[in-house]
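Okay, so here's the structure we're looking at.
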Amino acid sequence: MRIVLLGAPGAGKGTQCKYIVDRYKLLHLSSGDILRRHRTQGTKLGKKAQKFMDSGELVPDGVIIEMMIDEIGRAPNGGYVLDGFPRTVKQAADLDKALAGRSEKIDAILNLKVDEGVIIKRITGRRICPKCAAVYHIENLRPKVEGVCDKDGSTLVQRPDDTAEVVKTRLKNYNELTAPVINYYKRENSVFDVNANEEAEDVRDLIFSKLDPLA
Ligand code: AP5
């Protein structure tokens, strides 16, 4: 299966992708995680992306499209779930073109719908492990020891773009540039809307009920 997971910043895309890849044995391709990996490694791409990411702006289409099409091209045959890409109509159209060139297409598009107040609480309370990228939340998903990653003992940090101020820019960009991607897909595909305001396990079960028939 090739899946696209759409949703505003903090909607729970990364959280749900973990459940999806476990159940359907897919590769998780998160454009945000890939960019953060480039930053940690100090690559040219990572340096280029830094100022856009930290201010809540989108990284230019040309950079992202090349990066993601390359990642998809290297994915094994088993399928993947795209998280955070495509995020503009141009990205979606270029992805379709690249897939068509290989006689492939996206099989399922899921749209996580969350109220803005919920988003702000989720984002400002998120903490991540700088080493293994595990995601926690100060209220909803606490580590066993406060401020310490369960998996590798690293000190948890707040992403630079997870402040209330930067979240406003991210949401504005989502509404102006990413929300139109939903209508782009609706022209030729079924888009499954998922109420993602609920607890993570309840959202997971809704997603499984949409994907199980396709697996
Ligand atoms: P990216 O990393 O993709 O950020 P995002 O889309 O803003 O998404 P988030 O990672 O913030 O949220 P999420 O939906 O994954 O939520 P999560 O599961 O962690 O992108 C970062 C930046 O990179 C962009 O701003 C841009 O600059 C650049 N970029 C990336 N892709 C790009 C592209 N295609 N084009 C251009 N630029 C690009 O959950 C959030 C928190 O809530 C967690 O703490 C979690 O524990 C908690 N939580 C999750 N679900 C629930 C639930 N159901 N109930 C309670 N708590 C929950």
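Excluded from the calculations below are hydrogen atoms, water molecules and symmetry mates; all remaining heavy atoms, backbone and side chain alike, are included. Indexing begins at 1, ligand by ligand and atom by atom, following the structure's order.
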Exercise for review: Indicate whether the side chain of Asn189 and that of Tyr184 have a donor and an acceptor atom separated by less than 3.5 Å.
Suggested key: no
**Study point:** Counterpart residues, side chain to side chain contact (heavy atoms under 4.5 Å, CB included), relative to Pro60 (two or more places apart)
**Key:** Phe52, Val63
Review point. Taking NZ, NE, NH1 and NH2 as the nitrogens, is one of them in Arg37 or Asp33 under 4.0 Å from a carboxylate oxygen of the other?
Key: no
Review point. Should Glu146 and Arg142 count as an ion pair when the cut-off is N to O under 4.0 Å?
Key: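 Judged by the 4.0 Å cut-off on N to carboxylate O distance, Glu146 and Arg142 do not form a salt bridge.
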Check your understanding: Tell me, which residues have any heavy atom less than 4.0 Å from some atom of ligand 1?
Key -> Ala8, Pro9, Gly10, Ala11, Gly12, Lys13, Gly14, Thr15, Ser31, Gly32, Leu35, Arg36, Met53, Glu57, Leu58, Val59, Ile64, Gly84, Phe85, Arg87, Gln91, Arg122, Arg126, Val135, Tyr136, His137, Asn140, Leu141, Arg159, Asp161, Arg170, Glu198, Glu199, Ala200
Show every donor-acceptor pair shorter than 3.5 Å between a side-chain atom in residues 114-135 and any protein atom, with sequence neighbours excluded, or say none if there are none.
{"unit_1": "Arg122", "atom_1": "NH1", "unit_2": "Ala11", "atom_2": "O", "d": "2.9"}
{"unit_1": "Arg122", "atom_1": "NH1", "unit_2": "Ala196", "atom_2": "O", "d": "3.3"}
{"unit_1": "Arg122", "atom_1": "NH2", "unit_2": "Ala196", "atom_2": "O", "d": "2.8"}
{"unit_1": "Thr124", "atom_1": "OG1", "unit_2": "Ile120", "atom_2": "O", "d": "2.7"}
{"unit_1": "Arg126", "atom_1": "NE", "unit_2": "Asp162", "atom_2": "OD2", "d": "2.9"}
{"unit_1": "Arg126", "atom_1": "NH2", "unit_2": "Asp162", "atom_2": "OD1", "d": "3.0"}
{"unit_1": "Arg126", "atom_1": "NH2", "unit_2": "Asp162", "atom_2": "OD2", "d": "3.3"}
{"unit_1": "Arg127", "atom_1": "NH1", "unit_2": "Thr124", "atom_2": "O", "d": "3.1"}

Which pairs of donor and acceptor atoms, one on a side chain in residues 200-211, lie under 3.5 Å apart (sequence neighbours left out)?
{"unit_1": "Ser209", "atom_1": "OG", "unit_2": "Leu206", "atom_2": "O", "d": "2.6"}

